[in-house]
Amino acid sequence: MPLSARLYKSEAIVLRQRKLAEADRILTIYTPTLGKMDVKARGVRKTTSRMSGHLQPLTRCMLQLAQGHAMDVVTGCETMESFPALHEDLGRLSRAMYAAELIDRFIPEHAQSFPTYRLLLDTLRRLAESESTDMVMRFAEMKLLDQSGFRPELEVCVGCGAQLAQEQNFFAPQSGGAACRACSTDVAGPRVMSLNALKVLRLLQRGSYNDVTRVKVGEDLAVETERHLRSYIVCVLERDVNAAAFIEKLRRQDHRPVVGV
Amino acid sequence: MDGIGPEDLKMTELLQRMRSDQVREIILATNPNLEGEATAMYLTRLIKPLGVKVTRLARGLPVGGDLEYADDVTLARALEGRQEMQG
C-alpha cells in the first residue's frame, strides 16, 4: 500500500508519554472518533525535533498518522490548544494530570466515545480557568463514572431498595452506592455519609456544570465528597490513581485537610 | 508520575545538605517537558521556604531548530528569556 493511502488525520489529546528506544516515544492519545490508542512518535526526544513541543501531555493537537504494523506512527502535528494556565500552577497541573490518568485507566483501547472526549476537553478548559478546581474534578469524576457505566446508586438504598431518608446515611463503594442505616451492617465497607454530602453527590450526578458552579461547598464537605468518590473510583479500578496521591501530598504541604482513602 | 514519587528524588538528602553546607543557589535541571515542569514546580515549593535562590535551566528554541515549527509554549518561553544583543 502506498504511504498516501495509509495516512489519516485525527484530532487528539495526549494523555501520557513513555520513552521508546533511543529517541522515540510512545504516546497514549485520546481521540474523538477512534478512542484511546497508543501511537509511536519518532525522534521526538531529540532537541531539534519539530514535533515534540506539540506532543506534550495535556495538549490538544491535530495529528497526521500513518498506519503501522503494531502501532500507528505520528508523521505530523499541530497544536490546537496548549492550556498555558495549567503549566503555571502546580495545583491545576496536578489535577489535569489526574484527569488524564483517570481517562487512561477508565477507557479501554479503541473504545470510541465522543461525550467522554468532550468531557476531558471541557475539564481541561475548566481547570485552566476555574477558581474551584476541586469541584471541576468531582464533576468530571461523576460524569466519567456515568459515561463508563459505573454510575453509583444515590437515589435508593443498595441493600433494600427503599428511598433514602433525609438523614445521615452510609456510602458503600463495594456495593455500588448509598445505603440506609438499617442496611449498613449488611453491605460491604460502609462509610458514614452526611446528608449534605449525599445532596452534593446527587447534584454532581444529575446537574449540569453550571448548576454545580452555583453551589458553594465548604472545605469539610468538599473533602467528604471527594473521599466518597475516590473510594468508589478505587473500588471500580481496583487500584489507586497515582496523581491523586500527589494531590494529597501537595495538600499536606499546604496544611489543608487531606482525603486519605 | 508514572510511579516515581517525590520520595524517589532523594529530596531529604538534598535538604539536609542545604542545611549543613553553604548553598547559595539551586539550579533545577529537569527535562523541558510536562513531567519536568511538574517536578521543578514541586521542588521549588520545597526549597523556596529555606531562602535559597532557585533557578531552572532556560527553555526555548534549540540550536539548529526551525522557528516555523515551534509550538506556542516554546515560543512563549523563548520570548520570556530573550536577551539584549551585544553590538
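Letters A, B, ... mirror the listed sequences (proteins, then strands); counts begin at 1.
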*Asks:* Measure the CD-CZ distance between B:Glu35 and A:Arg16 for me, rounded to the nearest 0.5 Å.
*Replies:*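 Those atoms lie 10.0 Å apart.
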*Asks:* Between A:Gln56 and B:Asp71, is any pair of side-chain heavy atoms under 4.5 Å apart?
*Replies:*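 Side chain of A:Gln56 against side chain of B:Asp71, heavy atoms only: no contact under 4.5 Å found.
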*Asks:* So A:Met97 and B:Leu34, do their side chains get closer than 4.5 Å, heavy atoms only?
*Replies:*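 Sidechains of A:Met97 and B:Leu34: in contact.
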*Asks:* Do you know which of B:Asn31, B:Asp72, B:Asp66 has the most heavy-atom pairs with chain A at a distance under 4.5 angstrom?
*Replies:*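 Looking at each of B:Asn31, B:Asp72, B:Asp66 in turn, B:Asp72 comes out on top.
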*Asks:* A quick test of your reading: do over 12 heavy atoms of other residues, nucleotides or ligands sit less than 6.0 Å from CD of A:Glu238?
*Replies:*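 Atom CD in A:Glu238 is not crowded, with 12 or fewer foreign heavy atoms closer than 6.0 Å.
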*Asks:* Measuring heavy-atom distances to chain B, does A:Leu93 have an atom under 4.5 Å in its side chain, in its backbone, in both, or in neither?
*Replies:*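 Looking at A:Leu93, just its side chain touches chain B.
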*Asks:* Of all heavy-atom pairs between A:His87 and B:Glu37, which one has the smallest distance, and what is that distance?
*Replies:*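 Scanning both residues, the minimum pair turns out to be ND1-OE2, 2.8 Å.
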*Asks:* Tell me if the CZ atom of A:Arg239 is crowded by more than 12 foreign heavy atoms within 6.0 Å.
*Replies:*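 Yes, the 6.0 Å shell around CZ holds more than 12 heavy atoms from other groups.
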*Asks:* Closest approach of B:Tyr42 and A:Leu250, non-hydrogen atoms and distance?
*Replies:*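 Distance-wise, the nearest heavy atoms are CD1-CD2, 3.8 Å.
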*Asks:* Supply the atom-to-atom distance B:Leu43 CG to A:Leu90 CG, rounded to the nearest 0.5 angstrom.
*Replies:*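 Result: 10.0 Å between the selected atoms.
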*Asks:* For atom CD of B:Glu80, decide whether the heavy atoms of other residues, nucleotides or ligands shown that lie under 6.0 angstrom number more than 12.
*Replies:*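 Above 12, so yes.
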*Asks:* If I measure from the heavy atoms of chain B, does A:Pro84 come under 4.5 Å with its side chain, its backbone, both, or neither?
*Replies:*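 It is neither, since no heavy atom gets under 4.5 Å.
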*Asks:* Counting only non-hydrogen atoms closer than 4.5 Å, does A:Thr47 touch chain B with its backbone (N, CA, C, O), its side chain (CB onward), both, or neither?
*Replies:*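 Both backbone and side chain.
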*Asks:* Tell me, yes or no, whether the heavy-atom count around B:Glu25 atom CD, taken from other residues, nucleotides or ligands under 6.0 Å, exceeds 12.
*Replies:*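 Atom CD in B:Glu25 is packed in, count exceeds 12.
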*Asks:* Chain B heavy atoms under 4.5 Å from A:Leu58: which part of the residue, side chain, backbone, both or neither?
*Replies:*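 The side chain, not the backbone.
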*Asks:* Work out which heavy atom in A:His54 is nearest to a heavy atom in B:Tyr69; give both atom names and the distance.
*Replies:*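 Minimum heavy-atom contact is NE2-O, 3.0 Å.
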*Asks:* Taking everything shown except A:Asp104 itself, do over 12 heavy atoms lie less than 6.0 Å from its CG?
*Replies:*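 More than 12 within 6.0 Å, yes.
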*Asks:* Given heavy-atom pairs under 4.5 angstrom as the criterion, report whether the side chain, backbone, both or neither of A:Glu78 touches chain B.
*Replies:*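 Neither part.
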*Asks:* Are there more than 12 heavy atoms of other residues, nucleotides or ligands under 6.0 Å from atom CZ of A:Arg45?
*Replies:*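 Yes, the 6.0 Å shell around CZ holds more than 12 heavy atoms from other groups.
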*Asks:* Give, as side chain, backbone, both or neither, the part of B:Ala70 having an atom under 4.5 angstrom from any heavy atom of chain A.
*Replies:*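 For B:Ala70, backbone heavy atoms alone lie under 4.5 Å from chain A.
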*Asks:* Taking side chain as C-beta onward, heavy atoms only, is B:Arg45 less than 4.5 Å from A:Asp254?
*Replies:*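 A side-chain contact exists here, since the closest heavy-atom pair is under 4.5 Å.
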